[in-house]
Participant: 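Take a look at the following structure, please.
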Amino acid sequence: QVQVVESGGGLVQAGGSLRLSCRASGLVFDDYAMGWFRQAPGKEREGVSCISRYGATLYDDSVKGRFTISRDNAKNTLYLQMNSLKPEDTAMYYCAAQRWTNYCSRSWADYNYWGQGTQVTVSS
């Protein structure tokens, strides 16, 4: 069975950093584009960043220059390095996997498998 598990969330002061990890199992990791999404209370789910199976990346304008997405195919793991965190980054962060594409998408409907999320809280 496919399993996607996020980790690394927590409470951090504004201006601080966190690194989120997402480990996928039960699939051929190299065949999937991967994405990070987030959802704050009362808000719509939004695409933060994605990375294709070839390493091409996309970022939401709100995180460009602060967040970096990467993948380690040998470890079946996706990362999101988050620097210069702001209170508006507070959300549940979800990892997702998308098959059959040479690109990547920041649209949640394009993804096949999802993790349960990890909470990121940034204090002001």
Side-chain angles (χ1 to χ4, degrees):
Q1 64 183 36
V2 174
Q3 191 170 11
V4 179
V5 181
E6 304 95 335
S7 62
L11 175 64
V12 65
Q13 190 176 29
S17 298
L18 286 172
R19 189 180 75 161
L20 306 184
S21 298
C22 169
R23 188 173 187 275
S25 60
L27 52 77
V28 180
F29 190 73
D30 295 13
D31 289 345
Y32 287 80
M34 303 293 296
W36 286 103
F37 296 78
R38 66 187 181 187
Q39 188 165 25
K43 303 294 184 181
E44 296 287 329
R45 177 168 37 181
E46 63 180 0
V48 176
S49 182
C50 67
I51 183 167
S52 79
R53 59 194 180 113
Y54 300 112
T57 59
L58 294 173
Y59 295 91
D60 186 81
D61 287 343
S62 66
V63 305
K64 285 181 180 177
R66 300 189 298 120
F67 291 10
T68 302
I69 192 170
S70 62
R71 62 192 296 162
D72 186 339
N73 289 344
K75 297 181 179 179
N76 281 22
T77 302
L78 174 75
Y79 301 99
L80 185 68
Q81 179 66 47
M82 304 186 295
N83 298 325
S84 302
L85 282 161
K86 304 175 180 180
E88 52 262 44
D89 294 319
T90 295
M92 185 72 74
Y93 282 71
Y94 298 93
C95 173
Q98 178 191 10
R99 197 178 183 181
W100 303 307
T101 181
N102 291 330
Y103 308 96
C104 75
S105 171
R106 294 194 296 111
S107 176
W108 65 268
D110 293 334
Y111 286 78
N112 304 103
Y113 303 107
W114 291 82
Q116 293 298 306
T118 185
Q119 178 68 39
V120 172
T121 302
V122 184
S123 63
S124 60

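All residue numbers in this chain count up from 1 along the given sequence.
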Participant: Could you check, using the six-membered ring where one of them is a Trp, whether F37 and W114 have ring centers closer than 6.0 angstrom?
Facilitator: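 Yes.
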
Participant: So, does T90 use its side chain to make a donor-acceptor pair with the main chain of V122 at under 3.5 Å?
Facilitator: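 Indeed, once roles are kept as given, a pair shorter than 3.5 Å links the two residues.
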
Participant: To the nearest 0.5 angstrom, please state how far the OG atom of S124 sits from the CD atom of E88.
Facilitator: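 Rounded to the nearest 0.5 Å, the OG-CD separation comes out at 10.0 Å.
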
Participant: Output the distance between atom CZ (R19) and atom OG1 (T68), rounded to the nearest 0.5 Å.
Facilitator: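 That separation rounds to 12.0 Å.
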
Participant: Mind checking whether W100 and N112 have side chains closer than 4.5 Å, heavy atoms only?
Facilitator: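 W100 vs N112: side chains touch.
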
Participant: Can you tell me how far CZ of R45 sits from OG of S107, rounded to the nearest 0.5 angstrom?
Facilitator: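 Between atom OG of S107 and atom CZ of R45 there are 9.0 Å.
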
Participant: Are C22 and V4 packed together at the side-chain level, in the sense that at least one heavy-atom pair is separated by less than 4.5 angstrom?
Facilitator: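 Yes. Closest side-chain heavy atoms under 4.5 Å.
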
Participant: Can you name the closest pair of heavy atoms from C95 and M34 and give their distance?
Facilitator: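 So the minimum-distance heavy-atom pair works out to SG-CE, 3.6 Å.
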
Participant: Consider only side-chain heavy atoms of I, L, V, M, F, W and Y, link residues closer than 4.5 Å, and tell whether L20 and Y113 are in one cluster.
Facilitator: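 Linked, L20 and Y113 end up in one cluster.
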
Participant: Looking at C50 and Y111, what are the two nearest heavy atoms and their distance?
Facilitator: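 Where C50 meets Y111 most closely, the heavy atoms are CB-OH, 3.4 Å.
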
Participant: Roughly how far, to the nearest 0.5 Å, is the CG atom of N76 from the CG atom of D30?
Facilitator: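 Going from the CG atom of D30 to the CG atom of N76 covers 7.5 Å.
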
Participant: Working to the nearest 0.5 angstrom, can you tell me the gap between C104 SG and L58 CG?
Facilitator: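 Atom-to-atom, C104:SG and L58:CG are 4.0 Å apart.
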
Participant: Can you name the nearest heavy-atom pair linking T101 to Y103, along with the distance?
Facilitator: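 The pair with the smallest heavy-atom distance is OG1-N, 3.0 Å.
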
Participant: How many angstroms lie between OG1 in T121 and CE in M92, if you round to the nearest 0.5 Å?
Facilitator: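 Separation between the atoms: 8.5 Å.
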
Participant: Less than 4.5 Å apart, any side-chain heavy atom of S17 and any of N83?
Facilitator: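 With C-beta onward as the side chain, the pair touches.
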
Participant: Salt bridge or not between K64 and D61? Use side-chain N to carboxylate O under 4.0 Å.
Facilitator: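 Yes, this pair counts.
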
Participant: Are there over 12 heavy-atom neighbours, none belonging to Q116, within less than 6.0 Å of that residue's CD?
Facilitator: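 12 or below, so no.
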
Participant: List the atom of A91, the atom of R38, and the distance in Å for their closest heavy-atom pair.
Facilitator: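 Residues A91 and R38, closest heavy atoms: CB-CB, 3.8 Å.
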
Participant: Transitively linked via ILVMFWY side-chain contacts under 4.5 Å: Y79 with Y93?
Facilitator: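 As far as the 4.5 Å side-chain criterion goes, Y93 and Y79 are not connected within one cluster.
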
Participant: Is V2 linked to W36 within one hydrophobic cluster, defined over Ile, Leu, Val, Met, Phe, Trp and Tyr using a side-chain heavy-atom separation of less than 4.5 Å?
Facilitator: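 In one cluster: yes.
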
Participant: Can you check whether D60 reaches V48 side chain to side chain, under 4.5 Å on heavy atoms?
Facilitator: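 Answer no - side chains too far apart.
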
Participant: Looking at every heavy atom in both S84 and D89, which two are closest together, and how far apart are they?
Facilitator: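 Smallest interatomic distance, heavy atoms only, reads O-OD2, 4.5 Å.
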
Participant: Over all heavy atoms of both residues, which pair between Y32 and R53 is shortest? Give the atoms and the distance, please.
Facilitator: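 That would be O-CB, 3.8 Å.
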
Participant: I'd like to check V63 versus M82 (side-chain heavy atoms, cut-off strictly below 4.5 Å). Are they in contact?
Facilitator: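 Sidechains of M82 and V63: no contact.
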
Participant: Answer yes if F67 and L78 sit in the same cluster of Ile, Leu, Val, Met, Phe, Trp and Tyr residues linked by side chain heavy atoms under 4.5 Å apart, and no otherwise.
Facilitator: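 Yes, it is one cluster - the side chains of F67 and L78 are joined through contacts under 4.5 Å.
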
Participant: Would you say L85 ends up clustered with Y94 if hydrophobic residues are merged whenever their side chains have heavy atoms under 4.5 Å apart, either directly or through other cluster members?
Facilitator: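 In one cluster with Y94: L85, no.
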
